[in-house]
Amino acid sequence: MGYVKTQADAALKAGNYKDAYTKYSDCLNILPEGHKESVALYTNRSLAYAKANKFAEALQDAERACELNSGWAKAWWRKATALRSLQQYSQALDAFSQSYELVEDKAKSRNEYQRAVSEIAGRMTREQLADFIIAALHDYESRGIIAKPTKQNVSPQEKRESMFLQIKTWQSNTKKTQTDYQNCVANWTLTPMTATMAYVQRACMYKFALCFKQVVADARAALRLISDDAANNEIMIKTVLKAPGTPKPWEQKEYPLEPWAWFLQGEGFKASDKSEGGDVVKAASCFQIAKQLDPENEDYSTECEELCKKLTHAQSSAVLSVVNEQQLAVEHGLTIDTDKVAENIFFVKGTLRYDCDKLGRFGAEARRLMKDMFATSTDISFKDVLIERVSLCSERKLKIDYQFQVENKQRGEACVAILKNIGDDPSLVNALGPLIAHECFVEEVDLTDTKVTFQERMIAEESSTALVEVSRPSLAMNLPYQSYSLTRANGDPVERIDKHAFCMARVHYDRSEIDQDVWFSPSHGRCRWRQSASEITVLVLGIQPGTAGSALDVDISATHVCVRDKNRDRVYLSGDLDDRVVPDMCAWDVDEDGVVTLFLHKTNLALYASPHEHSNSEWKRLFRDDGYEIKFDDTSKDYSDLPAPVMRDHRVSSAEDQQRRHLEWNETKSRDRDSEQDDLRRRNRQTRLAVLRGKPFKGWVQLDRESIPSA
């Protein structure tokens with residue numbers, strides 16, 4: 001056997017792959033089943049099959065090698081490369097991950113594995129990336145690394161669509177939509193994502209699934225893990241278009257997990273209905289903490305500012321009471337000087353009650369007058385005085401709450417003494433009525449402890465392990481491909497087109513211009529189909545491989561199709577067609593894998609009735625009872641096989657349009673040339689007339705400027 005194996009190795013090195021896998025087979029036939037030396041032979045034969053483009057056989061040998069020795073990294077590597085060639089990318093990444101775990105010197109092999117997994121991730125569509133991440137999250141849940149959803153949950157199809165939307169919107173303003181997630185998936189293959197990252201990614205997914213309660217729960221779980229591990233500095237990279245038109249238009253922004261988790265928790269509170277625990281004060285506080293932790297992130301700042309503009313004075317005060325943030329305080333008229341006060345701050349707070357039963361009397365002028373009096377009498381800046389709340393108490397009396405910050409307690413007590421008689425100032429009494437009561441006092445606040453207490457409370461809130469019924473969200477997300485999906489002929493998903501309001505499908509009259517064929521795969525899984533102008537191609541699935549054509553009964557009529565097994569009387573596909581076909585021009589075939597291909601020739605009666613409207617050849621569904629309609633802009637249109645009369649008229653019309661456009665272009669060019677010559681003659685005449693009139697020679701530009709009347 002050693003001599004045959006040496007010959008096989010030599011043939012493999014020489015590029016004679018057929019001879020190589022033949023001799024490896026001879027070696028395997030010599031050895032008994034399960035012999036320890038057969039592992040290397042299966043691995044080498046897998047490589048020879050892969051070099052000969054026999055990827056299915058290469059995968060079989062690699063899987064056999066993994067069964068015989070599951071602890072050998074090379075066997076898993078061969079399996080991964082075979083799966084990659086078969087375009088089974090998720091399984092290939094799993095195999096590469098398993099192989100990398102078995103490598104002894106990971107530092108030495110890291111670059112080689114990184115290149116391999118990056119190449120695979122770069123080929124994956126956004127749906128495939130979403131499937132990979134969801135599978136990883138499900139694995140973490142089953143192994144107890146992260147907790148299962150406790151608040152809300154949705155169907156697997158909705159999860160997939162939600163994760164797709166997260167990947168899509170991660171960089172919605174660029175054409176590099178999934179690049180960052182491709183890099184992440186490649187990195188997570190070799191270094192699995194942490195539990196913190198898993199919670200954050202699941203929160204992002206549930207945000208698009210409208211499960212806002214679960215978003216809050218997952219964000220809190222991530223923050224609890226971060227608080228337990230102070231050294232956690234994991235980040236996510238986001239590529240943004242920063243300087244278009246320059247040599248380096250893209251910029252990479254870092255998203256640390258802690259502020260991102262606070263931001264997601266804020267989005268959960270903001271988007272939830274009040275009945276589901278929504279709270280704008282908590283949302284604004286979470287946004288503000290995210291902004292504090294990552295002040296350079298424009299998303300956090302913008303969201304925080306937009307929400308704070310909608311808050312009432314009472315809500316703004318509630319946010320200020322839990323968050324020590326200078327900018328937010330200034331925006332609401334209260335300056336907190338955190339440089340001067342390290343831990344404690346002091347407020348002068350008071351309540352004025354007037355004999356007035358109308359809130360409208362305390363208008364902008366009265367508000368300005370009161371703040372000005374407080375500021376002048378106490379030597380406080382006007383903007384530092386906050387009118388916190390204006391209301392009518394139970395006795396129908398006007399109640400005004402105010403506050404401002406002071407340096408220390410002594411300063412506050414001095415201000416209280418000054419303010420005792422300010423409420424009955426004649427100007428205020430004229431505007432608001434007689435003063436009934438005035439209460440004023442100094443309050444000391446430990447702002448640092450307040451902030452920490454709020455964060456700890458928000459993280460620990462609702463962290464009970466008691467059983468809670470998991471429910472669906474009150475709102476249902478829109479699933480654009482619920483009844484069918486867009487795939488290749490082998491069932492692999494194609495990259496989905498990013499649609500917009502003015503998106504239109506491309507139309508091709510030349511078959512060679514089409515990059516790839518897109519197939520419609522109904523959710524029932526019995527077939528896949530695509531169409532051109534004159535023909536519909538249907539792949540009938542579920543037939544046992546090796547089934548002969550003589551064992552099948554294929555009936556194609558003008559309005560009905562039926563494919564069944566003669567011997568077992570099993571129906572594989574049957575239904576009334578959405579439109580009519582020409583039975584005499586239809587055909588079918590079956591391959592060795594048991595896939596029956598139907599070629600249905602359309603009658604195109606609507607197209608013949610309106611030959612100039614080529615879209616009349618399109619079918620919106622395959623069968624009448626399919627329960628869905630394909631969207632016109634899902635795929636490019638193949639009109640390369642239009643009926644001969646229609647195609648002839650189209651070519652004549654296209655030629656006439658092209659000739660007309662050419663004539664119009666020539667006429668426009670001629671007019672522009674004549675106009676330029678007229679302008680040149682006018683300019684020359686202008687300069688000559690100026691010289692004949694005895695003026696010094698001047699260029700026409702200078703003469704034209706001088707002819708403009710001055711203002």
Side-chain angles (χ1 to χ4, degrees), residues 281 308-309 311-341 343-447 450:
V281 174
C308 287
K309 291 177 182 178
L311 298 180
T312 64
H313 284 289
Q315 291 170 334
S316 301
S317 177
V319 174
L320 289 175
S321 67
V322 295
V323 179
N324 176 16
E325 213 291 320
Q326 177 78 11
Q327 183 61 33
L328 184 63
V330 172
E331 288 173 358
H332 293 290
L334 177 62
T335 302
I336 301 176
D337 195 344
T338 55
D339 295 331
K340 294 181 180 180
V341 183
E343 296 181 356
N344 297 343
I345 61 174
F346 299 87
F347 292 98
V348 173
K349 294 188 175 183
T351 301
L352 295 165
R353 288 183 175 86
Y354 287 92
D355 188 9
C356 175
D357 59 355
K358 294 183 179 179
L359 286 174
R361 293 183 64 177
F362 191 68
E365 183 61 26
R367 181 186 295 269
R368 186 201 62 76
L369 180 62
M370 180 174 288
K371 291 182 64 173
D372 185 58
M373 286 184 177
F374 287 163
T376 304
S377 60
T378 59
D379 196 21
I380 297 293
S381 174
F382 178 86
K383 69 176 183 178
D384 292 341
V385 180
L386 173 64
I387 304 299
E388 185 179 15
R389 184 182 295 107
V390 181
S391 60
L392 289 176
C393 58
S394 57
E395 298 87 4
R396 300 295 296 173
K397 306 301 181 184
L398 183 64
K399 178 183 176 183
I400 303 172
D401 297 328
Y402 65 88
Q403 70 176 25
F404 56 86
Q405 180 189 354
V406 293
E407 293 84 357
N408 49 54
K409 188 174 182 179
Q410 293 76 15
R411 173 79 168 118
E413 292 174 347
C415 291
V416 169
I418 296 172
L419 294 175
K420 284 184 178 180
N421 301 320
I422 197 172
D424 55 358
D425 184 274
S427 56
L428 289 177
V429 172
N430 291 334
L432 305 175
L435 178 66
I436 298 175
H438 183 189
E439 300 174 1
C440 189
F441 59 93
V442 180
E443 179 179 336
E444 181 179 357
V445 179
D446 188 340
L447 194 60
T450 302

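For reference, positions follow the sequence shown, starting with 1.
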- Message: What verdict does the salt bridge (Lys or Arg N to Asp or Glu O under 4.0 Å) test give for Lys349 and Glu439, after you've listed the backbone C-alpha separation in whole Å, the side-chain angles of each residue and the deciding distance to 0.1 Å?
- Response: CA-CA 8 Å; Lys349 294 188 175 183; Glu439 300 174 1; over 6 Å; no
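A 4.5 Å side-chain heavy-atom check between Leu398 and Asp357 finds every atom pair outside the cut-off. Counting heavy atoms from C-beta on, the side chains of Met373 and Asp425 come closer than 4.5 Å. Ile387 places a side-chain heavy atom less than 4.5 Å from the side chain of Met370. Residues Phe382 and Asp372 have side chains in contact (heavy-atom distance under 4.5 Å, counting atoms from C-beta outward). Contact of the Phe374 side chain with the Leu419 side chain is registered, since non-hydrogen atoms from C-beta on lie closer than 4.5 Å.
Cation-pi contact between Lys409 and Phe346: absent, since separation from the ring centre below 6.0 Å together with deviation from the ring axis within 45° is not met.
The two residues Phe362 and Arg367 make their nearest non-hydrogen contact at CZ-CA, 3.8 Å. What you find for Val385 and Lys371 is that their closest heavy atoms are O-CE, 3.0 Å. A pairwise comparison of heavy atoms in Ala366 and Leu432 identifies CB-CD2, 4.3 Å as the closest pair. Closest approach of Arg361 and Gly433 over heavy atoms only: NH2-N, 3.8 Å. What you find for Val406 and Cys415 is that their closest heavy atoms are CG1-SG, 4.3 Å. Contact between Leu392 and Lys358 at its shortest, heavy atoms only, is CD2-N, 4.2 Å.
Under the salt bridge (Lys or Arg N to Asp or Glu O under 4.0 Å) criterion, Glu413 pairs with no residue at all, not counting sequence neighbours. For the side-chain hydrogen bond (donor to acceptor under 3.5 Å, both in side chains) test, residues two or more places apart in sequence or in another chain that qualify with Asp355 are Lys397.
Here CG of Asp401 is found 5.5 Å from CZ of Arg389. Values are rounded to the nearest 0.5 Å. In this structure, the separation between OH on Tyr354 and CD1 on Ile400 is 6.0 Å, given to the nearest 0.5 Å. Interatomic distance, Leu352 CG to Tyr402 OH, rounded to the nearest 0.5 Å: 5.5 Å. Between the SG atom in Cys356 and the CG atom in Leu435 there is a gap of 12.5 Å [rounded to 0.5 Å].
Judged purely by atom type and a 3.5 angstrom limit, Asp384 has no side-chain atom pairing as donor or acceptor with the backbone of Ile380.
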